[in-house]
S.K.: 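The structure under discussion is supplied below as structure tokens; questions concerning it will follow.
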Amino acid sequence: MVKAIIAGVAGRMGGRILHAIHADDGISLAAAFERPGSPAVGADAGTVCGLAPLGVTVRDRLEDVIGLGDVIIDFTFHEATIAHARLAAEHARAMVIGTTGLTRDEMAELKDLAARFPCVQAPNMSVGVNLLYKLVETAARVLGDDYDVEIVEAHHRMKKDAPSGTALQLARVAAAALDRDLEETGVYARHGMIGERTRKEIGIQTVRAGDIVGEHTVLFGGIGERIELVHRASSRDTFARGAVRAAKWVVSRPPGLYDMQDVLGLKD
Ligand SMILES: NC(=O)C1=CN([C@@H]2O[C@H](COP(=O)(O)OP(=O)(O)OC[C@H]3O[C@@H](n4cnc5c(N)ncnc54)[C@H](OP(=O)(O)O)[C@@H]3O)[C@@H](O)[C@H]2O)C=CC1
Ligand SMILES: O=C(O)C1=N[C@H](C(=O)O)C[C@H](O)C1
């Protein structure tokens with residue numbers, strides 16, 4: 001039985017991850033913690049997430065509970081996640097990271113740290129989005145430079161980072177398939193007399209509204225036709241189940257940085 005530690009258990013994803021663990025016979029909750037000062041600290045983790053009490057008290061420091069579990073599942077905030085990864089490296093503890101919005105420096109540090117512990121990091125843990133990456137790669141290769149690539153993502157009003165980590169990954173996939181540098185071709189905003197669209201730009205646009213769980217559209221616009229590849233998440237449980245699958249997979253891997261394509265066996 002894999003023993004999991006949930007970081008940010010009182011968050012939108014933390015709660016759904018606890019439900020996914022509760023429904024799975026192969027993994028159990030060893031510990032849970034929250035941001036210091038959170039009202040959830042000291043409460044029972046089950047109660048915090050709308051389940052019956054589980055006998056696991058929410059703590060406020062990973063340091064105090066890291067010895068209790070095999071794997072830390074972290075969907076929190078970029079600065080917290082990188083601090084947790086430093087501890088995971090120190091204690092050689094496996095980690096699943098769903099947090100998006102890590103800075104370039106934080107990503108570089110995570111790559112270095114992961115030489116000391118096995119880590120799955122992915123901006124989207126749903127099977128559907130990981131399949132979408134493959135479909136986008138194929139479409140971009142077939143359609144080539146004659147079709148304009150535009151990515152539109154929509155999320156709930158509480159989301160802090162933009163564009164979504166998934167939209168950025170979709171853009172990276174399209175750029176690689178078209179042999180383009182996203183640093184040079186990514187266009188994240190348009191306003192005013194901007195002139196005609198340049199042929200090789202990849203547009204990445206953000207919508208924030210209400211309670212949208214997560215939607216991503218990749219549009220290939222040609223002359224006389226357009227193709228749209230769309231993924232709509234209607235429940236966070238799809239991400240939570242993916243995170244639990246990754247947690248069970250990563251505990252027996254050697255140190256290194258993996259993604260959901262590794263977990264799902266989608267790498268060529
Ligand atoms: N990879 C994937 O499949 C998915 C990724 N995400 C990503 O996951 C992240 C979280 O999303 P979401 O659940 O909606 O956000 P929430 O804000 O609802 O949850 C984050 C939780 O982490 C807590 N937290 C912040 N700092 C710490 C800390 N130092 N230690 C412990 N807990 C901490 C927050 O507490 P407080 O609110 O008190 O600050 C909050 O309870 C985002 O980056 C999002 O983009 C989301 C869905 C799917
Ligand atoms: O913050 C969210 O909610 C989500 N974030 C992820 C991202 O930034 O790609 C994935 C998902 O769409 C939900």
Side-chain angles (χ1 to χ4, degrees), residues 5-20 31-41 43 45 48-49 58-66 72-88 95-103 106 119-130 132-133 151-173 204 206-217 230-247 259-261 263-264:
I5 300 170
I6 303 181
V9 69
R12 281 177 290 275
M13 278 305 299
R16 298 325 301 166
I17 289 163
L18 181 49
H19 279 257
F33 67 102
E34 253 300 331
R35 182 183 50 76
S38 159
V41 174
V48 166
C49 300
V58 178
R59 309 287 290 270
D60 65 359
R61 278 160 39 102
L62 176 57
E63 291 91 320
D64 297 340
V65 293
I66 195 161
I72 304 149
I73 305 179
D74 189 320
F75 286 64
T76 59
F77 192 60
H78 65 112
E79 289 158 342
T81 295
I82 198 70
H84 300 153
R86 288 182 199 123
L87 276 171
M95 205 168 168
V96 172
I97 297 177
T99 310
T100 54
L102 271 68
T103 64
E106 287 166 345
C119 180
V120 173
Q121 188 238 351
N124 199 304
M125 308 254 170
S126 76
V127 174
V129 158
N130 283 279
L132 181 64
Y133 297 146
I151 297 168
V152 183
E153 62 99 335
H155 283 86
H156 51 94
R157 64 165 73 126
M158 285 74 72
K159 186 163 175 61
K160 293 177 178 140
D161 55 313
S164 69
T166 308
L168 290 170
Q169 183 58 20
L170 287 163
R172 277 183 217 111
V173 168
I204 303 149
T206 296
V207 175
R208 293 286 176 265
D211 62 356
I212 300 169
V213 173
E215 300 189 0
H216 293 90
T217 300
V230 184
H231 179 270
R232 292 193 184 95
S234 48
S235 159
R236 289 186 176 83
D237 290 346
T238 187
F239 311 128
R241 280 194 299 272
V244 166
R245 187 168 172 171
D259 60 22
M260 275 311 276
Q261 306 276 309
V263 176
L264 299 173

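Numbering of ligands and ligand atoms starts at 1, following listing order. Quantities reported herein were computed from a predicted structural model and do not represent experimental measurements.
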S.K.: For atom 14 (O) of ligand 1, what is the nearest protein heavy atom, given as residue, atom name and distance?
M.R.: Arg12 NE, 3.0 Å
S.K.: Can you tell me if His84 has a non-hydrogen atom under 4.0 Å from ligand 1?
M.R.: yes
S.K.: If you have a sec, work out which protein heavy atom is nearest atom 20 (C) of ligand 1 and how many Å separate them, to one decimal?
M.R.: Phe75 O, 3.6 Å
S.K.: Polar-atom distance check: His155 versus ligand 2, any N or O pair below 3.5 Å?
M.R.: yes
S.K.: What protein heavy atom lies closest to atom 43 (O) of ligand 1? Include the residue and the distance to one decimal.
M.R.: Thr100 N, 3.0 Å
S.K.: Can you see which heavy atom on Ala167 is nearest to which on Ile204, and at what distance?
M.R.: CB-CG2, 4.2 Å
S.K.: Using a 4.0 Å cutoff against the non-hydrogen atoms of Ala10, which atoms of ligand 1 qualify?
M.R.: 41 (O)
S.K.: Would you compute the distance between atom CG of Asp74 and atom CD1 of Ile6 and round it to the nearest 0.5 angstrom?
M.R.: 11.0 Å
S.K.: Taking 4.0 Å as the limit for heavy-atom contacts, which would you say applies to Lys159 with ligand 1: side chain only, backbone only, both, or neither?
M.R.: side chain
S.K.: Among protein heavy atoms, which lies nearest atom 13 (O) of ligand 1, and at what distance?
M.R.: Met13 N, 2.8 Å
S.K.: Quick one: does Leu168's side chain get under 4.5 Å of Arg172's, heavy atoms only?
M.R.: yes
S.K.: Output the list of atoms in ligand 1 that are nearer than 4.0 Å to some heavy atom of Met125, sorted by atom number.
M.R.: 1 (N), 2 (C), 3 (O)
S.K.: Verify side-chain contact (heavy atoms from CB on, under 4.5 Å) between Thr100 and Lys159, making sure each step is shown before the conclusion.
M.R.: CA-CA 10 Å; Thr100 54; Lys159 186 163 175 61; 3.5 Å; yes
S.K.: Might you confirm whether atom CZ of Arg232 has over 12 heavy atoms from other residues, nucleotides or ligands at distances under 6.0 Å?
M.R.: no
S.K.: Got the closest protein heavy atom to atom 7 (C) of ligand 1, with its distance?
M.R.: Gly98 O, 3.5 Å
S.K.: Would you check whether Pro123 reaches within less than 4.0 Å of ligand 2, judged by its heavy atoms?
M.R.: yes
S.K.: Quick check: closest heavy atoms across Ile97 and Cys119, and the distance to 0.1 Å?
M.R.: CD1-SG, 3.7 Å
S.K.: Would you say Val213 touches ligand 2, if touching means a heavy atom closer than 4.0 Å?
M.R.: yes
S.K.: Specify the protein heavy atom at minimum distance from atom 9 (O) of ligand 2: its residue, its atom name, and the distance to 0.1 Å.
M.R.: Thr166 OG1, 2.5 Å
S.K.: Please report which non-hydrogen protein atom sits nearest to atom 9 (C) of ligand 1, along with the residue it belongs to and the distance in Å to one decimal place.
M.R.: Thr76 O, 3.5 Å
S.K.: With a cut-off of 4.0 Å, which atoms of ligand 2 are near a heavy atom of Ser164?
M.R.: 7 (C), 8 (O), 9 (O)
S.K.: Is there a salt bridge (charged side-chain N to carboxylate O under 4.0 Å, His left out) between Arg208 and Glu153? Walk through the geometry before answering.
M.R.: CA-CA 9 Å; Arg208 293 286 176 265; Glu153 62 99 335; 2.7 Å; yes
S.K.: Can you list the steps and then say if Phe33 with Val9 is a side-chain contact (heavy atoms from CB on, under 4.5 Å)?
M.R.: CA-CA 6 Å; Phe33 67 102; Val9 69; over 6 Å; no
S.K.: As an exercise, state the distance from NE2 of His216 to NE2 of His231, rounded to the nearest 0.5 Å.
M.R.: 9.0 Å
S.K.: Tell me, which protein residue and heavy-atom name are nearest atom 5 (N) of ligand 2, and how many Å apart are they?
M.R.: Lys159 NZ, 3.1 Å
S.K.: What's the shortest distance from atom 36 (P) of ligand 1 to any protein heavy atom, and which residue and atom give it?
M.R.: Arg35 NE, 3.2 Å
S.K.: Atom CD1 in Ile72, atom CD1 in Ile66: separation rounded to 0.5 Å?
M.R.: 4.0 Å
S.K.: Look at atom 19 (O) of ligand 1 and say which protein heavy atom is nearest, naming residue and atom and giving the distance to 0.1 Å.
M.R.: Gly11 CA, 3.3 Å
S.K.: In ligand 2, which numbered atoms sit nearer than 4.0 Å to a non-hydrogen atom of Thr100?
M.R.: 7 (C), 8 (O)
S.K.: Could you report the tightest heavy-atom contact between Leu102 and Glu106, atom names first, then the distance?
M.R.: CA-OE1, 3.4 Å
S.K.: Would you sort out whether Arg241 and Val244 count as a side-chain contact (heavy atoms from CB on, under 4.5 Å), showing the intermediate values?
M.R.: CA-CA 5 Å; Arg241 280 194 299 272; Val244 166; 5.8 Å; no
S.K.: So do the side chains of Arg35 and Thr76 get within less than 4.5 Å of each other, counting heavy atoms only?
M.R.: no
S.K.: Any idea which atoms of ligand 1 are less than 4.0 Å away from a heavy-atom of Phe33?
M.R.: 30 (N), 31 (C)
S.K.: Provide the closest heavy-atom pair for Val96 versus Met125 in the form atom of the first, atom of the second, distance.
M.R.: CG1-CE, 3.7 Å
S.K.: CG/Asp237 to NE2/His19 distance, rounded to the nearest 0.5 angstrom?
M.R.: 8.0 Å
S.K.: Under 4.0 Å from ligand 1, counting heavy atoms only, is it the side chain of Pro123, its backbone, both or neither?
M.R.: backbone
S.K.: Take Glu215 and Val230 through the side-chain contact (heavy atoms from CB on, under 4.5 Å) test and state the conclusion after the steps.
M.R.: CA-CA 7 Å; Glu215 300 189 0; Val230 184; 5.9 Å; no
S.K.: Return yes when His216 approaches ligand 2 closer than 4.0 angstrom through a heavy atom, no otherwise.
M.R.: yes
S.K.: Between Ala122 and ligand 1, which part of the residue brings a heavy atom under 4.0 Å of the ligand: side chain, backbone, both or neither?
M.R.: backbone
S.K.: Which is closest to atom 41 (O) of ligand 1 by heavy-atom distance: Glu34, Gln121, Gln169?
M.R.: Glu34
S.K.: With heavy atoms of Gly165 as the reference, note each atom of ligand 2 found under 4.0 Å away.
M.R.: 7 (C), 8 (O), 9 (O)
S.K.: Note the single closest protein heavy atom to atom 3 (O) of ligand 2, along with its residue, its atom name and the distance in Å.
M.R.: His156 NE2, 2.8 Å
S.K.: Need the ligand 1 atom indices (1-based, order shown) with element for anything under 4.0 Å from a heavy-atom of Ala80.
M.R.: 26 (N), 27 (C), 28 (C), 29 (N)
